[in-house]
Amino acid sequence: MLALVARAASLRSVGRDVISLALGEPDCDTPTHIQEAAFIAMRNGDTHYTASDGTKALKEAIRRKFERENSLTFALNEISVGSGAKQVIYNALAATVDEGDEVIVPLPYYPSYVEITRLVGGEPILVHTQPQNGFKLTPELLERAITTRTKWLILNSPSNPTGTAYSAGELRALAEVLGRHPQVWILADDIYEHLLFADQPFATLAAVDSRLKARTLTVNGVSKAYCMTGWRIGYGAGPAALIASMATIQSQITSCPSSISQAAACAALDGPAGVIDRLRSTFRFRRDLVTTELNRIRGISCAVPDGAFYVFPNCSRVLGRYSPAGRELVTDVDLAHYLLEDAGVAVVPGSDFGMPGHFRISYAADEALLRESVKRIDLALSALHGDSS
């Protein structure tokens with residue numbers, strides 16, 4: 001993914017017209033009231049180190065958020081703030097995973113889950129989900145994946161890259177399996193919680209089955225729902241002993257999150273819900289636009305995601321064909337390079353998420369760019385020749 005992003009930037013630098021749909025970042029600016037909170041914090045001298053895992057003010061705002069939106073109650077010493085949700089995930093795995101411990105990750109996956117697991121000495125156990133089941137982990141698949149060495153299950157809902165979201169009923173079925181394996185901790189990555197388009201309400205494991213709360217780390221952040229990717233604030237809530245260990249690790253890595261960003265995050269979490277409602281409405285429109293247009297392209301099939309801001313179309317029927325220059329597109333990586341070089345559209349190959357034969361598009365771009373991007377993809381695929389193998 002990073003190589004394609006870098007190549008896209010390189011092409012732009014020499015004047016090529018490239019549309020990037022590769023990065024998972026809202027295209028909207030941070031809402032004004034959040035920016036103003038940061039400005040006030042700076043003017044009031046809030047520019048110093050904070051407690052290593054977050055200010056009391058932000059932890060209180062997070063506690064209110066969990067109570068208000070998820071019916072989950074946490075003490076302040078059960079909440080940790082990091083420089084992005086990714087750091088919170090790293091801290092948790094670094095604090096708990098020993099050499100050879102297994103971490104279950106459903107496919108397709110956000111790449112950092114696998115790489116962080118390997119960084120801390122663990123072994124990622126990749127569980128193949130099926131597109132006909134919405135790429136969801138089932139109780140049967142989970143049961144088969146658990147061993148005596150299993151330390152964590154990582155579950156992302158709505159997910160990156162597919163946008164799949166689990167219902168409360170589906171989570172209860174997984175909870176039944178987890179209840180039989182008390183050694184397994186659960187990391188619920190809820191970063192796309194508020195970007196859920198399905199009629200079903202959002203559900204998270206610790207709220208669905210209270211028995212699991214004592215071994216669940218619920219991770220979230222302000223990056224996606226509040227358009228604050230650059231502010232780098234994520235948070236997690238879980239058992240106090242785990243949170244304390246995570247804070248120790250963080251104190252030696254980044255000391256603390258930015259004081260200014262934490263003040264802004266307080267304003268985000270306690271601010272008006274209309275900010276999220278408008279963003280959700282915008283992304284729902286874009287989702288419908290992109291899936292409709294992609295499904296009109298011969299050789300492409302694209303499921304309608306439940307949430308987040310990605311689509312994950314299947315491109316396997318166009319693989320094995322040849323570009324106008326005579327290059328065979330054997331893999332989804334080849335296809336992604338072809339779309340970038342010949343069509344000027346940057347996408348991410350499914351192989352980066354452990355699922356070849358697909359590619360990911362972020363529809364966090366305005367309507368005109370999305371329409372132009374799909375038009376370019378259609379023209380580029382129409383120019384391919386030869387039968388797919």
Side-chain angles (χ1 to χ4, degrees), residues 19-39 58 61-62 64-66 68-70 84-86 110 156-166 188-204 218-235 261-294 302-312 348 360-371 373-374:
I19 302 172
S20 180
L21 304 179
L23 289 179
E25 179 173 39
D27 60 316
C28 311
D29 290 335
T30 303
T32 302
H33 74 279
I34 299 173
Q35 296 183 39
E36 289 176 348
F39 176 75
L58 181 51
I62 292 166
R64 289 190 292 272
K65 175 261 185 273
F66 277 120
R68 179 178 66 246
E69 299 176 358
N70 307 111
K86 189 184 296 187
Y110 176 55
N156 179 208
S157 175
S159 77
N160 176 7
T162 65
T164 290
Y166 291 81
D189 184 350
D190 296 348
I191 192 70
Y192 296 100
E193 170 187 359
H194 290 111
L195 299 178
L196 180 64
F197 314 126
D199 292 334
Q200 65 190 30
F202 176 77
T204 192
T218 303
V219 177
N220 213 314
V222 297
S223 293
K224 312 299 183 180
Y226 298 98
C227 306
M228 294 177 67
T229 52
W231 298 81
R232 306 312 304 134
I233 293 293
Y235 55 87
S261 295
Q262 289 185 73
C266 289
L269 293 175
D270 286 334
V275 169
I276 296 175
D277 293 339
R278 288 190 293 273
L279 189 68
R280 186 188 302 113
S281 177
T282 297
F283 282 140
R284 181 187 291 112
F285 171 82
R286 293 173 178 179
R287 176 202 64 173
D288 294 344
L289 166 66
V290 171
T291 53
T292 298
E293 295 302 316
L294 283 172
C302 183
V304 179
D306 301 314
F309 41 71
Y310 310 105
V311 289
F312 198 58
V348 185
R360 190 193 76 176
I361 283 178
S362 167
Y363 51 85
D366 68 38
E367 179 183 350
L369 285 177
L370 292 173
R371 290 187 184 278
S373 298
V374 178

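One-based numbering along the sequence shown.
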For a quick check under 3.5 Å, do [X] and [Y] share a side-chain donor-acceptor pair by atom type?
{"X": "Thr162", "Y": "Thr164", "answer": "yes"}
{"X": "Trp231", "Y": "Ser223", "answer": "no"}
{"X": "Thr229", "Y": "Glu25", "answer": "yes"}

Which atom pair, heavy atoms only, marks the closest approach of [X] to [Y]?
{"X": "Ala85", "Y": "Asn220", "answer": "CB-O, 3.8 Å"}
{"X": "Met228", "Y": "Val222", "answer": "CB-O, 3.5 Å"}
{"X": "Ala264", "Y": "Ile34", "answer": "O-CG2, 3.5 Å"}
{"X": "Cys28", "Y": "Cys227", "answer": "O-CB, 3.4 Å"}
{"X": "Val275", "Y": "His33", "answer": "CG2-CE1, 3.8 Å"}
{"X": "Ala225", "Y": "Leu279", "answer": "O-CD2, 3.3 Å"}

Rounded at 0.5 Å granularity, tell me how far [atom1] in [X] sits from [atom2] in [Y].
{"X": "Phe312", "Y": "Asn160", "atom1": "CZ", "atom2": "CG", "answer": "9.0 Å"}
{"X": "Tyr363", "Y": "Leu370", "atom1": "OH", "atom2": "CG", "answer": "10.0 Å"}
{"X": "Arg371", "Y": "Glu293", "atom1": "CZ", "atom2": "CD", "answer": "6.0 Å"}
{"X": "Leu58", "Y": "Leu269", "atom1": "CG", "atom2": "CG", "answer": "6.5 Å"}
{"X": "Gln262", "Y": "Ile233", "atom1": "CD", "atom2": "CD1", "answer": "5.0 Å"}

Would you mind telling me which of Lys224, Arg280, Glu69 makes a side chain to side chain donor-acceptor pair (under 3.5 Å) with His194? Glu69
side-chain contact (heavy atoms from CB on, under 4.5 Å) evaluation trace for Ile361 with Leu294: CA-CA 11 Å; Ile361 283 178; Leu294 283 172; 4.2 Å; yes
Check: [Y] main-chain N/O paired with [X] side-chain donor or acceptor under 3.5 Å:
{"X": "Arg360", "Y": "Val311", "result": "no"}
{"X": "Ser157", "Y": "Tyr166", "result": "yes"}
{"X": "Ser281", "Y": "Arg278", "result": "no"}
{"X": "Asp366", "Y": "Leu369", "result": "yes"}
{"X": "Asn156", "Y": "Pro158", "result": "yes"}
{"X": "Ser362", "Y": "Leu23", "result": "yes"}

Under 6.0 Å between the ring centres of Phe202 and Tyr192? no
Worked check of side-chain contact (heavy atoms from CB on, under 4.5 Å) between Asp190 and Thr218: CA-CA 7 Å; Asp190 296 348; Thr218 303; 3.3 Å; yes
Is it true that Asp189 and Lys86 have a side-chain N and a carboxylate O under 4.0 angstrom from each other?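 Answer for the salt bridge query: no.
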Ring geometry between Phe309 and Phe283 (parallel below 30°, tilted from 30 to 60°, perpendicular above 60°): tilted
What I'd like to find out is whether the side chain of Glu367 reaches to under 4.5 Å of the side chain of Thr282, using heavy atoms alone. no
Just do the side-chain hydrogen bond (donor to acceptor under 3.5 Å, both in side chains) check on Asn70 and Glu193 with the steps written out, would you? CA-CA 10 Å; Asn70 307 111; Glu193 170 187 359; 3.1 Å; yes
Decide yes or no on side-chain contact (heavy atoms from CB on, under 4.5 Å) for Phe197 and Arg287, but give the supporting numbers first. CA-CA 9 Å; Phe197 314 126; Arg287 176 202 64 173; 3.5 Å; yes
